[in-house]
Amino acid sequence: MNNFIFENATKVYFGKGCVKEYLSCLSGKYGEKVLLAYGGGSIKRNGIYDEVVSILEKAGKTIVEFSGIMANPTYKKVMEGAKLAKENHVDMILGVGGGSVIDCCKAVSLAAVSGKDVWEEYWANPGIIDFEPLPLGVIVTVAGTGSECNGGAVITNEALKIKTGRDYPKCNPKFALMDPEYTYSVPAKQMVSGAFDILSHIMETYFSEPNEDNVSDDISEALMRSVIKNLRDAIKNPKDYTARSNLFWTSTMAENRIIKLGKKCDFECHQMEHQLGAYTDCNHGFGLAVLHPVYYRHIYEEGLPKFVRFAENVWQIKREDMTDQQLAKAGVEALADFIKEIGLPTTLRELGMENQDRLKEIADSCNLAQGGYKKMTHKEILEIFKECF
Ligand code: NZQ
Ligand code: ZN
């Protein structure tokens, strides 16, 4: 196992009724004025907005609303939130939504305090945060990114056509409230997309060195089996509390740094998806679903022992008379079959791409991850994109 330091500053309150039980007390710690941040309005339709506002009002808070945070939040939106926060002298941010809302809020928490251009300072390149960001608390409404328990924030700079994430421990939310019942109203397509994002985070971590026995890989296998089982259950019955809670907590477990301890981590598929997103604004989980099987067909021979474990321990494939290569490949094909079974897209065309004109430009703009089994080149990424088309 590689050396590591572990800390996670977010306090999680998980379970039925947790918002009613804890929000009032938690928001009391950070002052009177709250920037209430949310997305395109789902929380108004499913009743979460009314519940949250009523709790904040009863607690005597002044609410400043920051709404309309889009999927794949933009730097422009971050600046809008920072302006609101500064003009109204808010004491804390409360983000209510999924990864897009939470990521945008993290960037706002920096931009509202820093006097600098935060894109240049913290996203274009890794920076050093030598001040306290505005305190951020989150109420998570969809399982997927795990953003509630890390410092990661993925922001799209539309002008530069770059979608990129940085992880700053100072951006970890102070608290995260997670009521699985809040996820019941997530549309089926988004639930499946979020679940695939969870699976992707685990795979991108698992398929990297070290290969020798390590507890992070053992936890990852259990988490992958859990996502597969519980997603199947939640598709059958969207109000299956057990399935929804397991998906919700798995999404946090995949990205709260625990399974990354001692691992190199790959995340090349995320690099590719982020640039597809920067050019096409595609849904994060959909983009990942298209890319993963094709990417793994390109790299499984370099990471053969781990792909064999994946086939046997995650997909329960029996070796019988298969060679390592055949068994590893069978695991990748089981993943591809699962993607079809759960109804996710399998081609870039299905994501709305009409031709291959910009594929080279997109491929050339992708970061090359350092921790995977095979070092990618922009040429090979272009081949992968073409196979995905
Ligand atoms: O905007 P609203 O109206 O709220 O609707 C959202 C949105 O349309 C809807 N939704 C959320 N909760 C709902 C609900 N609809 C009904 N009922 C509910 N309870 O779901 C849609 C998707 O929401 P979004 O926040 O965009 O999804 P997700 O959580 O998948 O976040 C995606 C973003 O996070 C980034 C992605 O790249 C993308 O920008 N990521 C962030 C990471 C991180 N910070 O650690 C890691 C990830 O790999 C990822 O890159
Ligand atoms: Zn992701």
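Just follow the structure's listing: the first ligand is 1, and inside any ligand the first atom is 1.
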Notebook entry, point to check: If hydrogens are left out, which of Gly146, Gly99, Ser200 has an atom nearest to atom 29 (O) of ligand 1, that is, the closest non-hydrogen atom?
Noted result: Gly99
Notebook entry, point to check: Should Lys44 and Asp50 count as an ion pair when the cut-off is N to O under 4.0 Å?
Noted result: no
Item checked: Closest protein heavy atom to atom 3 (O) of ligand 1, given as residue, atom name and distance to 0.1 Å -> Ser42 N, 2.9 Å
Check: Salt-bridged, Glu383 to Lys386, with N to O below 4.0 Å?
Finding: no
Notebook entry, point to check: Are any of the N or O atoms of Lys106 closer than 3.5 Å to those of ligand 1?
Noted result: no
Note to self: I'd like to know whether the aromatic ring centres of Trp123 and Tyr75 sit less than 6.0 Å apart in this structure.
What the structure shows: no
Next item on the list: For the residue pair Ser200 and His292, confirm or rule out a side-chain donor-acceptor distance under 3.5 Å.
Entry: yes
Next item on the list: Only heavy atoms count here, so choose which of Gly41, Gly40, Cys104 is nearest to atom 1 (O) of ligand 1.
Entry: Gly40
Check: Taking atom 25 (O) of ligand 1 as the point of reference, which of Ser100, Gly95, Ala153, Gly287 owns the nearest heavy atom?
Finding: Ser100
Notebook entry, point to check: Taking both backbone and side-chain atoms of Gly152, is any N or O found less than 3.5 Å from an N or O belonging to ligand 1?
Noted result: yes
Next item on the list: Using only heavy-atom distances, determine whether the side chains of Asn246 and Ser226 contain a donor-acceptor pair under 3.5 Å.
Entry: no
Notebook entry, point to check: If hydrogens are left out, which of His274, Glu255, Gln190 has an atom nearest to atom 23 (O) of ligand 1, that is, the closest non-hydrogen atom?
Noted result: Gln190
Margin query: Using a plain distance cutoff, I'd like to know if Lys163 has any nitrogen or oxygen under 3.5 Å from a nitrogen or oxygen of ligand 1.
Written below: yes
Check: For the residue pair Phe207 and Tyr373, does the interplanar ring angle fall in the parallel (under 30°), tilted (30 to 60°) or perpendicular (over 60°) class?
Finding: perpendicular
Item checked: Which atom of Asp197 approaches the Zn ion (ligand 2) most closely (N/O/S) -> OD1
Next item on the list: Look up atom CG in Asn8 and atom CG in Asn150, then write down how far apart they are to the nearest 0.5 Å.
Entry: 8.0 Å
Notebook entry, point to check: Applying a strict 4.0 Å limit to heavy atoms, is Gly285 in contact with ligand 1?
Noted result: no
